2 protein chains.
Amino acid sequence: MEPRKSQEFLDNSLNQVRDLLRKHQVVERMVQAQDSRKHALIESLVHRQNLAELRNRLTRLHPADAAYVLDNLPPDERAIAWEQVRGPRGGEILLELSEGVRRQLIEATPADELLTLLRALDADDLAYLAEDLPAETLNECLQTLTTDERSWLASSMTSAADSVGALMSNVMVTVRDTDTLGQVLEQLRALDELPPHTDKLFVLDRRGLFCGVLPLPSLLRGRPDALVADLMAAEAVAFRADDSARDAAQAFERYDLVSAPVVNERGKLAGRLTVDVMMDYLREKTSDELLKLAGLSHEEGLFTTIWSSARNRWAWLSLNLITAFVASRVIGVFEHSIAQLVALAALMPIVASVGGNTGNQTTALVIRAIAMGQVTAANIARLMRRELGIGIVNGLLLGMVVALFALLFYHNAALAVVIAGAMLLNLLIAAGVGLAVPLTLHRFGRDPALGSSVLLTAATDSMGFLIFLGLATAFLL
Amino acid sequence: MEPRKSQEFLDNSLNQVRDLLRKHQVVERMVQAQDSRKHALIESLVHRQNLAELRNRLTRLHPADAAYVLDNLPPDERAIAWEQVRGPRGGEILLELSEGVRRQLIEATPADELLTLLRALDADDLAYLAEDLPAETLNECLQTLTTDERSWLASSMTSAADSVGALMSNVMVTVRDTDTLGQVLEQLRALDELPPHTDKLFVLDRRGLFCGVLPLPSLLRGRPDALVADLMAAEAVAFRADDSARDAAQAFERYDLVSAPVVNERGKLAGRLTVDVMMDYLREKTSDELLKLAGLSHEEGLFTTIWSSARNRWAWLSLNLITAFVASRVIGVFEHSIAQLVALAALMPIVASVGGNTGNQTTALVIRAIAMGQVTAANIARLMRRELGIGIVNGLLLGMVVALFALLFYHNAALAVVIAGAMLLNLLIAAGVGLAVPLTLHRFGRDPALGSSVLLTAATDSMGFLIFLGLATAFLL
């Protein structure tokens, strides 16, 4: 293993692997093109040597880095590389892959090989992979677990996807409050290794219930005959399995936690959360928001095939098409007005476009505030007044600029007044809809990012055209 | 202190503080309204009692929670609450506040009080606050530091904002490779406390150069007479002060690090990075992207005043206005065609709107890929082929649907063919521009999120109108 840190290192590794793959493919093509037995033999040796080199390069990488390389290879090359690198550490690599790629590689792995590499994982990691595994393989894996592990796995798999229960691990070190530090150290020495991210031990009382945590520094600095009960912190941050994962992640951030216990309602220790898992969770959530805003599922990577990517985008584009048709029909109603005053056709997109952009600013702000847990019932009224206030200020200002523009090109004062009024009204609508859409989606338990932008633009386009053309028809014609 | 974890707890705290503030303000108003001396005395007692209760409530909170409450109060109430809670823990609270609020509160604090609360912080935290502090106050603070701390602070402050140097801390524990574990434990017991997030100690060789790390578990489980050199891991992930902070944060995520050394080119230990700081950094970066896409500065919170928020949005809206004017002039050129065939006015926004949305999908995907470090020179050509491929598939499909729509409402086959063609061409332009804009911004060292969306929509609007109206003028009139 050669864990290194930089993007440069990763890119170099990726390029080296791709070079090896290219060599391999050139030979492959030569082998296929030639019939001669002798040639085939030589080539097949070169061939094998290439693959050995490839395997060698890949297995020297940290599992997370190997996953990076696999994630960034085109599908055909990825399949060849995966064949070389799967093996004892295949399971660890699977854990680190992006979702779509993981599913693809699991499908491409023969059942028996899959079983072998899954057996190297503990119940915890298995739970993480469970939903991507074929049912039979999963069942066979379960056979090799202890009863405890199996029941833990079952409860973890039935936890809601965005709950603490789905993210917690069953690997943790517990000590008794009546033990001395010396006894605790003995106990630790008897273990093969400490679980990763152990910055504190969990303390149980005589009834076996969770009663506090013993930070490792206290253990290190305390005297061997000191009692755990005297050094432990009783006021530790603990979670419930049904707590929201997002809240828990925010608590990890707020209190700078490395690990924390999950406790059930009777005070029994149910599992352990660690900062790496919470960081992954948070990162996935926030970077997904960007894609969701644009109507993309987070499963689409840079190398998803054209056909499945195109389909991935249809739901959103269909909705967009329908709203565009509605906007088009709004204009259609006023065709008579446009025929009389063609300037309307040239000016109407300005009202719609600026409305859309200001609304998107409001929406982005609200989505972020929701994600940060800053939107409370008390805040909403204030927020609404504020966004409408900004809408009035900007509506008056932008309205004046647009009016000047209209005056400059069409020398029509009445038209200038109409477009300024339409601008102000549409900016107020943009502020209202920009607030209402994400808040409503959130209220009904939907992701506020998904679809906000298309619904908002639908409103500002159609209303922009309606207000402007309506005012123009009423006052100018 | 009562550190609790849930959003509910935070919201309750916020509401309690607001209730106390409201009581305080009611009394305040009564005091102002009444002249009678006797009344004033009674009210002033109640008044003082309210404030004491408020202070009591606030000081019981974890600094991070107190910061949450302050962040979410309206500015006037925030000022009153801050007056009560600043004091010995004021500095810690300042560290946790959002940028805009922090600046506001620092401005509102008298110089001598500010100095007192800053003196409670170490050089590390001071470096974090430095850019928000008045120059005089900062200078006075520097006087109280040791020479070492001062030089460290200077180098940290001159580090580029997005570099490891700006995020590293100078608080760390080092041991010698020739020490025994027993000696290391002695050394740890002599310290007041271990720095937070100490999961490993940094090992120096006889020349004082960094040579490896000693994980706490090894220290706990090893025999007292074992040598540090025998138990340390020499192959640790280490950073340079001028490494990119984003790369470092990704390395923390990839290798599940809790802390890591920063080493200079001569192998000398320069500082320490910890997971909490990297997590904050990553979180700030990703959630800013959402706002940047909408042209908002990340300093705008939910309670920024209307006036300064309105100004915050002008740069973006001005650009939007200019591009909308350009689009409007494109249509203006074709006014003659529209006068002849009014259907063009109703259909043209469809071409522009669908183009904008498909382009935004491409842009969101590319921005995310850049943020994840997945865009390499080798990938770009492939990415371009892929997005253009999706553009062709979706362009043909959506073009057909739009053609049917046009046929249905206008019974004009030639018009239907023209709009289908315009749709296909504009989707190809959207794919090209959607790729080119964030990649170009990134290439020139600009943030790919900032401005991508407005530039893209400018292109798809203007080009959409130009292509559709141009084709119509050429073939239909």
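Residue numbering restarts at 1 for every chain, and letters A, B, ... go by the order of the sequence lines. Model, not experiment: these values are computed from the prediction.
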*Asks:* Under 4.5 Å from any heavy atom of chain B, what part of A/Val333 do you find: side chain, backbone, both or neither?
*Replies:*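 Neither part.
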*Asks:* Under a 4.5 Å cutoff for heavy-atom pairs, which residue among B/Leu185, B/Thr274, B/Val184 has the most contacts with chain A?
*Replies:* B/Leu185
*Asks:* Quick check: does any side chain N or O of B/Ser328 sit under 3.5 Å from a backbone N or O of A/Ala346, one acting as donor and the other as acceptor?
*Replies:*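 At least one qualifying donor-acceptor pair exists.
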*Asks:* Just wondering, do B/Ser353 and A/Asn320 contact through their side chains at under 4.5 Å, heavy atoms?
*Replies:*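 Counting from C-beta outward, A/Asn320 and B/Ser353 do come under 4.5 Å.
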*Asks:* Chain A: which of B/Val401, B/Asp199, B/Thr323 shares the most heavy-atom pairs with it under 4.5 Å?
*Replies:*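 Between B/Val401, B/Asp199, B/Thr323, the count favours B/Val401.
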*Asks:* Highest number of heavy-atom pairs under 4.5 Å with chain B: which of A/Val258, A/Ile338, A/Val275, A/Leu317?
*Replies:*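 Between A/Val258, A/Ile338, A/Val275, A/Leu317, the count favours A/Leu317.
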*Asks:* For A/Phe405 and B/Arg329, run side-chain contact (heavy atoms from CB on, under 4.5 Å): C-alpha distance rounded to whole Å, both residues' side-chain angles, the deciding distance at 0.1 Å, then the answer.
*Replies:* CA-CA 11 Å; A/Phe405 176 84; B/Arg329 288 324 299 154; 3.7 Å; yes
*Asks:* Sequence neighbours left out, what passes side-chain contact (heavy atoms from CB on, under 4.5 Å) with B/Asp280? Give chain and number order.
*Replies:* A/Glu253
*Asks:* To check you understand the geometry: which heavy-atom pair defines the closest contact between A/Ala324 and B/Ile350, and what is its length?
*Replies:*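 Where A/Ala324 meets B/Ile350 most closely, the heavy atoms are O-CG1, 3.8 Å.
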*Asks:* Given side-chain contact (heavy atoms from CB on, under 4.5 Å), test B/Phe325 with A/Val402 step by step and report yes or no.
*Replies:* CA-CA 9 Å; B/Phe325 287 161; A/Val402 175; 4.2 Å; yes
*Asks:* What part of A/Pro349 gets within 4.5 angstrom of chain B, counting heavy atoms only: side chain, backbone, both, or neither?
*Replies:*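 Interface part for A/Pro349: side chain.
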*Asks:* So which heavy atom on B/Val393 is nearest to which on A/Ala310, and how close?
*Replies:* CG1-CB, 3.9 Å
*Asks:* Identify which of B/Asp276, B/Thr358, B/Asp256 forms the greatest number of heavy-atom pairs closer than 4.5 Å to chain A.
*Replies:* B/Asp256
*Asks:* Counting only heavy atoms closer than 4.5 Å, note whether B/Phe334 contacts chain A via side chain, backbone, both or neither.
*Replies:* neither
*Asks:* Under 4.5 Å from any heavy atom of chain B, what part of A/Ala249 do you find: side chain, backbone, both or neither?
*Replies:* backbone
*Asks:* Quick check: closest heavy atoms across B/Arg313 and A/Thr362, and the distance to 0.1 Å?
*Replies:*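 Result for this residue pair: NH1-OG1, 3.9 Å.
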*Asks:* Which atoms of A/Phe465 come close to chain B, meaning under 4.5 Å heavy atom to heavy atom: side chain ones, backbone ones, both, or neither?
*Replies:*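 Looking at A/Phe465, just its side chain touches chain B.
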*Asks:* Relative to chain A, which segment of B/Val351 carries a heavy atom at a distance below 4.5 Å: side chain, backbone, both, or neither?
*Replies:* neither
*Asks:* Count the heavy-atom pairs under 4.5 Å between each of B/His197, B/His336, B/Arg385, B/Gln340 and chain A, then report the option with the highest count.
*Replies:*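 Top option by heavy-atom pairs under 4.5 Å: B/His197.
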*Asks:* Which atom names give the shortest non-hydrogen contact between B/Trp316 and A/Asn357, and what distance separates them?
*Replies:*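 Reported closest heavy-atom pair: NE1-OD1, 3.8 Å.
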*Asks:* When rounded to the nearest 0.5 angstrom, what distance separates CG in B/Leu220 from CG in A/Leu194?
*Replies:*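 Output value for this atom pair is 6.5 Å.
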*Asks:* Classify the ring geometry of A/His62 against B/Tyr255: parallel below 30°, tilted from 30° to 60°, perpendicular beyond 60°.
*Replies:*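 Perpendicular, since the angle between the ring planes exceeds 60°.
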*Asks:* Locate the shortest heavy-atom distance separating A/Met348 from B/Ala345; write the atom from each residue and the value.
*Replies:*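 In this case the closest contact between A/Met348 and B/Ala345 is CE-O, 3.3 Å.
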*Asks:* Need one label for A/Ala327: side chain, backbone, both or neither, based on atoms under 4.5 Å from any heavy atom in chain B.
*Replies:*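 Answer is neither: A/Ala327 stays 4.5 Å or more from chain B.
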*Asks:* Test of understanding: with salt bridge (charged side-chain N to carboxylate O under 4.0 Å, His left out), list the residues that count as partners of B/Glu96, not counting sequence neighbours.
*Replies:*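 Applying salt bridge (charged side-chain N to carboxylate O under 4.0 Å, His left out) to B/Glu96 gives none.
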*Asks:* Flag the pair B/Trp314 / A/Asn394 as yes when at least one side-chain heavy-atom distance between them is below 4.5 Å, and no otherwise.
*Replies:* yes
*Asks:* Quick check: does any side chain N or O of B/Arg189 sit under 3.5 Å from a backbone N or O of A/Arg221, one acting as donor and the other as acceptor?
*Replies:*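 Such a contact is found between B/Arg189 side chain and A/Arg221 backbone.
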*Asks:* Given that the side chain runs from C-beta out, which part of A/Leu397 has a heavy atom under 4.5 Å from chain B: side chain, backbone, both or neither?
*Replies:* side chain
